[in-house]
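Throughout, a chain's letter reflects where its sequence line sits, starting with A, and its residues are numbered from 1. Worth knowing before you read on, the calculation uses all heavy atoms, side chains too, and leaves out hydrogens, waters and symmetry mates. This is a predicted model, so every value here is computed, not measured.
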Amino acid sequence: MAESFFSEFNKRNYFNQCTNFEELEKLINKKKIRAYIGFDCTSKSLHVGSLLQIMCLRLLQKYGHQPIVLLGGGTTRIGDPSGKEETRKILSGREIDDNIKNIEKILKIFLKEKNNSTKPIFVNNYDWLEKLKYIDFLRKIGKHFTINKMLSFDSVKLRLDREHSLSYMEFNYMILQAYDFLELNKQKKCILQIGGSDQWGNIVNGVELIKRHNNSQAYGLTTPLITLASGNKMGKTERGAVWLDKNLLSPYDYWQFWRNVDDKDVIKFLQMFTDLQLDKIQDLQNNKVDINQLKILLANQTTKMLHGESAAKNAEQTAKNTFEKKSIGSDLPIVNIKKEIAKKGVNIIDLVILSKLSTSKSEVRRIIKNRGIRLNNEIVENEKEKILISDFNKDKHAKLSHGKKKHVIIKII
RNA sequence: GGAGGGGUACCAAAGCGGUCAAAUGGGGCGGGCUGUAAACCCGUUGACUUCGGUCUUCGAAGGUUCGAAUCCUUCUCCCUCCA
């Protein structure tokens, strides 16, 4: 059976829900379509949590469809309440514009621009939402009203109790996102919106709006929320988000993130987040390839896709050096120390803080007590120890480690 | 608007005048086992420290007291019920 957008979409476990699956499948097999995914612009980069959406855009391209990337310049000014417990802080227009630029840059790494018919179209919903003059109103006035309070008003309560519809304020965001879809449907003939499962409600609203307003058919498609085997949400580690921007997270750390996934997640992630052929992944699984080899494969593939082949190779080599040979890999973060200072000797606690391996001296003392700080693989026994010139090798390097996984190179300059 | 309940460390949740830097659980961090996995076990978990201590924390501000997370006053936010 020939592969199609949907067959691969399903096999890679991207499918969660669809508004009208059969019809959409027929349509999408017959002709090339345009579909869009919206990205929130609250932060200056995307993180792994958005990766599945990006993979969807790539898949559209693979099968000759044209992805539209909607950057939420307008909607970010309001803030999507879906699944959020607290109101987000409101960003300035300037911050949002900066974020948009950076996010666009990241997305362009993943998407191919050569072919004109599948080249991604970037749009910013501020372009049309701004014209509604509605944004300013919401920012100035709307933020002062809480839904909670509004719901406690008798008039409102009554309507809710009697199952009358409750419009406008509460559903501002939904309305705006629905309106986005309508605009893209009109402007760009976009007939499909894809999003995470948390966007289902918003997406359905768009589909319905298009039906009512334009009397035309559009479709919604969602991807599942990815949970790790550990039950945590994908993309957030304790140390912070797994960013897709090399300035926020180095290629080496990105590689490490994938290298360290749970055994149970490896095959799933290979399917979801790499371009490897599905039957090849199946083969690997059938042949019982060593799980650690699979993790390395996963890390290499994902890192290559984002940071390029040589970055992936470097990361792999660095990992090999640090974990297998216990030596130094070039990709480890480097902390420079002036020669004069090194001659005097630097207290080990200060050095750990300086290397950003920790932010609290008390914590460093504790870890030393627990035998978790190492200098050149030797456990630091005493918190008063100093790093001396003699600790550096002929390349003027020394390795400082915090636990088994965090290492930095200390270098004399 | 009326009545009650509540805000404690990263989260949940005890404490209700001194022995409280604050039980317990989760999470985090470190160690052990292993495979840079999971599970399990151990240690640790406010900051600074010359390791003697010192400083800052229990919604906010005042007050009572030798002494407050604990009692009083005001403020503030949240929850439940009634109008």
- Please test A/Tyr219 against A/Phe21 for ring-ring contact (aromatic ring centres under 6.0 Å, His included), starting from the C-alpha separation and ending with a verdict. CA-CA 8 Å; A/Tyr219 305 88; A/Phe21 179 73; over 10 Å; no
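- B/G52: glycosidic angle within 90° of 0, hence syn.
- For A/His47 and A/Tyr254, the distance between ring centers is not under 6.0 angstrom.
- Annotation: B/C20 and B/A69 have their P atoms spaced 12 Å apart (nearest Å).
- Salt-bridge check for A/Lys320 with A/Glu324: failed, with every basic side-chain N at 4.0 Å or more from each acidic carboxylate O.
- The cationic atom of A/Lys108 (NZ for Lys, CZ for Arg) lies less than 6.0 Å from the six-membered ring centre of A/Phe122 and within 45° of the ring axis.
- Relative orientation of the A/Trp258 and A/Phe273 rings is tilted, given thresholds of 30° and 60° on the angle between their planes.
- An OP1 or OP2 oxygen of B/G30 is reached within less than 4.0 angstrom by a side-chain nitrogen or oxygen of A/His402.
- Between A/Asn370 atom CG and B/C41 atom P the separation is 18 Å, expressed in whole Å.
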- Its contact letters, B for base, S for sugar-phosphate only and - for none at protein heavy atoms under 4.0 Å, make nucleotides 32-37 of chain B read -BBBBB
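- When Watson-Crick and G-U wobble pairs are counted only if both distances are under 3.5 Å, B/U44 pairs with B/G28.
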- Heavy-atom protein contacts under 4.0 Å, nucleotides 45-57 of chain B, coded B base, S sugar-phosphate only, - none: S-SBBSB------
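- With a cut-off of 3.5 Å on both Watson-Crick or G-U wobble distances, the partner of B/C71 is given as B/G63.
- Under the Watson-Crick or G-U wobble criterion, with both distances below 3.5 Å, B/A13 has no partner in any strand shown.
- No close placement of the A/Phe392 and A/His397 rings is indicated, their centers lying 6.0 Å or farther apart.
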